[in-house]
There are 2 protein chains.
Amino acid sequence: MNLKQLSDRLGLSQTTVSRALNGYPEVSEATRERVLKAAQQTGYKPNKAAQRLATGKAKSIGLVMQSAPDLGGDPHFSEFLSGLAEEAVKHDFHFVMAPASPDDEVNALKRLIASGYVDAVFLAHVVDPDPRVDLMRSCSIPYLLHGRTMGDVHDYPYLDIDNEGAFYTATKLLLQLGHKRFALLNGIERFTFAMRRKTGAEKALAEAGLKLAPELVQHSVMSDQVGFRAMERFLAHPERPTAVLCASTALALGAVRAINKAGLKLGRDISLIAHDDVLSMLRPESFSVPLTTTRSSLRAAGARIGQRLIARLDGNADLPEQELWEAELIVRASTGPAPA
Amino acid sequence: MNLKQLSDRLGLSQTTVSRALNGYPEVSEATRERVLKAAQQTGYKPNKAAQRLATGKAKSIGLVMQSAPDLGGDPHFSEFLSGLAEEAVKHDFHFVMAPASPDDEVNALKRLIASGYVDAVFLAHVVDPDPRVDLMRSCSIPYLLHGRTMGDVHDYPYLDIDNEGAFYTATKLLLQLGHKRFALLNGIERFTFAMRRKTGAEKALAEAGLKLAPELVQHSVMSDQVGFRAMERFLAHPERPTAVLCASTALALGAVRAINKAGLKLGRDISLIAHDDVLSMLRPESFSVPLTTTRSSLRAAGARIGQRLIARLDGNADLPEQELWEAELIVRASTGPAPA
DNA sequence: AATGTCTTTCAAAGCGCTTTGGGAAGAGTG
DNA sequence: CACTCTTCCCAAAGCGCTTTGAAAGACATT
């Protein structure tokens, strides 16, 4: 069923039917109702490709998704997506996801934009410098970064959390508890969120005249397994750390297992603070020793990004262009005074 | 840059340029190269919405994604998606995801199909009976279910794993080890995968003259937290179970924590078998007591579904229409003889 | 020179929608 | 009564692409 068939059946022109359906004022209430009813009955749904072609709008937001044979699903991604979806469903938006191998991301983005399938795009996994930012600037289609490049000045719309601040605060807490030997379980090095987390920790340490030992820093994918292995390595270090900063609860899961396996007691022999993205599957408060965390909901970020992008497309420009969210420090049992 | 501009600049008709770009034989090699080069230089990318409108094809597969304010991200979903993406990226396909509240899924599916945005759709979370199957049958667009409805005869394309067989085998193993009191930590009841897993367990138990006590069965979202709470409840039961069947490693994570907390030793005081979807974040072999599992990679299923759908769209009909994958039983340390 | 066959190109129609620019009634005004 | 306004509707153009049907030119065959 398309517009023509529907209007033929109603004995009206396509113009009138289209207007009735889209709420334009130039049709009488009587015909509008007649049209609406017929659309309902016949199950008419407009063809979005045609709509998009005609209007340039399609109520869709695009994103490119990293894909590689060795790259598993990322729970952070689906958590974020669920937030985005929550907002999208309210406004009848949908997503277009273009998968791309990591080395072809910029090209995939180009194709996605030129495809005429999306009204706006969202970018994650920010690196520095990020070639996608330059691309977007020349592209006239609305966009929004989750994260931001390094430096203090940013001339593009973004939503980021204060990663540096979070890890600075977490480190400060551990320093106050008397810890001196720190380890860092971080995300992949090239991402700015990981850089900033490291900077935050280093800054606090520097203020106490301390440094991060390079052997006690791990940069990698944030999975349970990696957390376990890295922690085992840290614990074998001659100067075993008494405090661990951890970029995700998934990493922490593995780290805690290694700690237990070594016969150490979390919160007494060794303290740990993890960053908590509030993954629905894995809650830090329900670890056997509840985890002290810096918390910032990824899902909320997704929802907010959806909200801003959609508002922007609807012509509401009253939402901020740049936002920096603070993470909450939540103290639980995994942190305690440094052992004597 | 669009086709018209490109052809004007080349002094050719749109027809010729389009044909040159799409590899039709009716253009001379010389002009084809000229066109290709110009397209490269100008960065011309075809507008997919227009292509889709003109051809009815757009190299895209659609799916509806459940979304609700209280529904967090599902790591199973992203694991599956990464498999799908792996295949999609090879063939330059993309996805269109329509978010929908659980009660509006059929409608969202209708809109998605009518949208003219997708060439095929993929359906997950099969229930019984599943209204989407009837819808799809009347819709002429290719589709593929991940999972299948109940019963033995199915007249639609699907890929499923033998959930019943997996849990039957797992239960058999536990029975052989002398276990008599079983608990089941299952997925949400209305999904057929959960039904079949339960049936599998019950069948094996029935053969030994045993039954599942209703109080020792939990149907719910498969998260760590739920696993923990349910297991605590099971352990408080006057007739404490000695064997637990678990529908996911995420559930198992919580269950194991409850077991440890109760001071019981996994694999000795209590045995546990989990179904392993091979989530990249959480590996059963790296639990402190490695988990015995029934394994079937969700990512592989995603990739296979992508492969079949794309082959179908490309006119290759040599792939099977219906597939049932066996899960592997992998015995590790979480299963042992029933305590005396 | 006339005819037929390829090869290479093009103009125009059409995919399903929105939107512009009118036009035909009916309502209000002097 | 003629006149302007509204109100309600329509025909047609256009979004960027593919595809049909035809034409023009090159070449070989009678």
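Letters go in sequence order (proteins before strands), and every chain restarts at 1. Hydrogens, waters and symmetry mates are skipped; everything else that's a heavy atom, side chains included, is used. All values reported here derive from a predicted model rather than from experimental measurement.
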Whole-Å distance, N47(B) CG to dG14(D) P, equals 18 Å
In whole angstroms, the gap separating C1' of dG16(D) from CZ of R52(A) amounts to 12 Å
dist D130(A):CG -> E105(A):CD (nearest 0.5 Å) comes out at 8.0 Å
Look at E87(A) together with R304(A) and state whether they make a salt bridge at an N to O cut-off of under 4.0 Å.
no
>> Just N and O in the side chain of N2(A): are any of them under 4.0 Å from OP1 or OP2 of dG16(C)?
In response: yes
The single option from F93(A), F80(A), Y143(A), Y158(A) that satisfies ring pair (Phe, Tyr, Trp, His ring centres under 6.0 Å) with F122(A) is F80(A)
query = Does the side chain of S28(B) come under 3.5 Å of the side chain of T31(B) through a donor N or O and an acceptor N or O?
reply = yes
Just by distance, do the side chain of T55(A) and the backbone of Q51(A) share a donor-acceptor pair under 3.5 Å? yes
Here the residues of residues 18-43 of chain A within 4.0 Å heavy-atom distance, strictly under, of DNA chain D are R19(A), E26(A), V27(A), S28(A), T31(A)
Residues of residues 4-17 of chain B with a heavy atom under 4.0 Å from any atom of DNA chain D, listed by number, are Q14(B), T15(B)
Practice item. Taking atom types as modelled, find out whether Y156(A) and T149(A) have a side-chain donor-acceptor pair closer than 3.5 angstrom. Key: yes
Taken to the nearest whole Å, CG/L53(A) to C1'/dA13(D) is 13 Å
Could you check whether S13(B) and T16(B), counting side-chain N and O atoms only, form a donor-acceptor pair closer than 3.5 Å?
yes
| query | Between D160(A) and R148(A), is a salt bridge (charged side-chain N to carboxylate O under 4.0 Å, His left out) present by the stated rule, with each step listed? | reply | CA-CA 6 Å; D160(A) 199 1; R148(A) 66 199 201 281; 2.7 Å; yes
From NZ of K48(A) across to C1' of dG16(D) the rounded distance in Å is 19 Å
Fill in: Phosphate-side-chain proximity, Q51(A) and dG16(C), N/O vs OP1/OP2 below 4.0 Å
no
Separation of dG16(C) atom P from L3(A) atom CG, nearest Å, is 10 Å
